[in-house]
Amino acid sequence: MSAQLIFRMELFKYMRDKKYLIATAVLAIINVCTTVYLVYLIDHIQGFSDNETRFLGIFVLFSTLTVFANFAFMFLYPFHLMSMDYKNDVMAMLVASGVNRNRLFFSKIGATLLWSLAVTFVLVFIPGFIILLKASQSMGMMDIFNNLLKMIDMNHLNIFEMSLTFFNSYLNVLVLISTATILMKGRNLTILVYFALSMMQTVIIGLVELLPISLDFSQTSMSVFSNLLLMLMSIIMTLVSLSIMKRQNL
């Protein structure tokens, strides 16, 4: 079975996972409703009575819980995606049918990355678009972009560097989740193993980064070094995962 076919099979399996699709849809609707009401509050806050003002506390609490729910869902969802085959006893069947374990590993990483980003886009895009539309009505779209560019320039930020760091970090998280899932064969304790691996990686990276700090690297050089180091950790964890997966008795 080719890697492309495994990749498509993984995506098809995610699209058939109705419970999590419903959860994603419910969260997306809550996000839109919360954002729409937030925009309404901004426009009408001055005309609120005392009774309506008391309701704001409840709304702030609800909004805070909604934000936490989104972060928790987006963090935990990849664990579910990675462990589905183990929990449903599909992994053993795939390996027994002759599916290459290396292809299976990289296909699952790629499919999980794409699907997780798609779910994040669904949860964040519409609320973000509503806020941007409201801001554009108040300030004008060109003013928003100019202020954004000024902020980036003042803080000496690089869009490409930020995007690379985000993608590199997220890919590293998925590799760690995959490693923990393989080690625990998809059991519920996988998340604890992930935290242990993440803490170990953080300590190692922190110790290695003392070298460029002592050599007084520039901010750009430090960022490049950190990204390369994180890529190296991802490669090491990938090799560890593949080694365990090849010897794993399913």
Once ring pair (Phe, Tyr, Trp, His ring centres under 6.0 Å) is applied, do any residues pair with Phe105, and if so which ones, sequence neighbours excluded?
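With sequence neighbours excluded, Phe105 shows a ring pair (Phe, Tyr, Trp, His ring centres under 6.0 Å) to no residue whatsoever.
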List in chain and number order the residues that pass ring pair (Phe, Tyr, Trp, His ring centres under 6.0 Å) with Tyr194, two or more places apart in sequence or in another chain; answer none if no residue qualifies.
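In terms of ring pair (Phe, Tyr, Trp, His ring centres under 6.0 Å), with neighbours along the sequence ignored, Tyr194 is linked to Phe75, Phe79.
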Can you list the residues that meet the side chain to side chain contact (heavy atoms under 4.5 Å, CB included) rule with [X], with sequence neighbours excluded?
| X | result |
| --- | --- |
| Ser83 | Lys87, Thr181 |
| Ile29 | Cys33 |
| Ile22 | Val26 |
| Leu192 | Leu189 |

Distance, nearest 0.5 Å, that separates [atom1] of [X] from [atom2] of [Y]:
| X | Y | atom1 | atom2 | value |
| --- | --- | --- | --- | --- |
| Leu81 | Glu10 | CG | CD | 9.0 Å |
| Lys185 | Met245 | NZ | CE | 11.5 Å |
| Ile182 | Lys108 | CD1 | NZ | 9.0 Å |
| Leu183 | Leu197 | CG | CG | 6.5 Å |
| Met74 | Tyr170 | CE | OH | 8.5 Å |
| Leu176 | Met237 | CG | CE | 5.5 Å |

Should Tyr86 and Phe106 be regarded as members of a common hydrophobic cluster, given that ILVMFWY residues are connected when their side-chain heavy atoms come within less than 4.5 Å of each other, either directly or indirectly?
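Yes.
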Under the 3.5 angstrom rule, does the side chain of Ser178 hit a backbone N or O of Leu174 as a donor-acceptor pair?
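Looks like no, no N/O pair under 3.5 Å.
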Is it true that a side-chain atom of Arg103 and a backbone atom of Asn100 form a donor plus acceptor pair closer than 3.5 Å?
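Side chain of Arg103 to backbone of Asn100, a donor-acceptor pair under 3.5 Å: no, none is there.
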Counting C-beta onward and ignoring hydrogens, is there a side-chain heavy-atom pair between Ile109 and Leu171 closer than 4.5 Å?
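In contact.
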Looking at side-chain heavy atoms only, is the closest gap between Leu21 and Arg16 below 4.5 Å?
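No - every pair of side-chain heavy atoms lies 4.5 Å or more apart.
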Can I get a per-line list of side-chain donor-acceptor pairs under 3.5 Å for residues 58-68, giving both atom names and the distance, sequence neighbours left out?
unit_1: Ser63; atom_1: OG; unit_2: Phe59; atom_2: O; d: 2.8
unit_1: Thr64; atom_1: OG1; unit_2: Val60; atom_2: O; d: 2.8
unit_1: Thr66; atom_1: OG1; unit_2: Phe62; atom_2: O; d: 2.8

Test of understanding: with side chain to side chain donor-acceptor pair (under 3.5 Å), list the residues that count as partners of Ser223, not counting sequence neighbours.
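For Ser223 the side chain to side chain donor-acceptor pair (under 3.5 Å) partners, ignoring immediate neighbours, are Glu161.
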Contacts of type side chain to side chain donor-acceptor pair (under 3.5 Å), residue Gln201, not counting sequence neighbours:
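Residues passing side chain to side chain donor-acceptor pair (under 3.5 Å) with Gln201: Asn172.
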Linking Ile, Leu, Val, Met, Phe, Trp and Tyr by side-chain heavy atoms under 4.5 Å, what else ends up with Leu239?
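Ile235, listed by chain and number.
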If you link ILVMFWY side chains whenever their heavy atoms are less than 4.5 Å apart, which other residues fall into the same cluster as Met199? By chain and number, please.
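Taking Ile, Leu, Val, Met, Phe, Trp and Tyr as members, Met199 stands alone, with no cluster partners.
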Could you pull out all donor-acceptor pairs under 3.5 Å where a side-chain atom in residues 116-129 meets a protein atom, sequence neighbours excluded?
unit_1: Ser116; atom_1: OG; unit_2: Thr112; atom_2: O; d: 2.7
unit_1: Thr120; atom_1: OG1; unit_2: Ser116; atom_2: O; d: 2.8

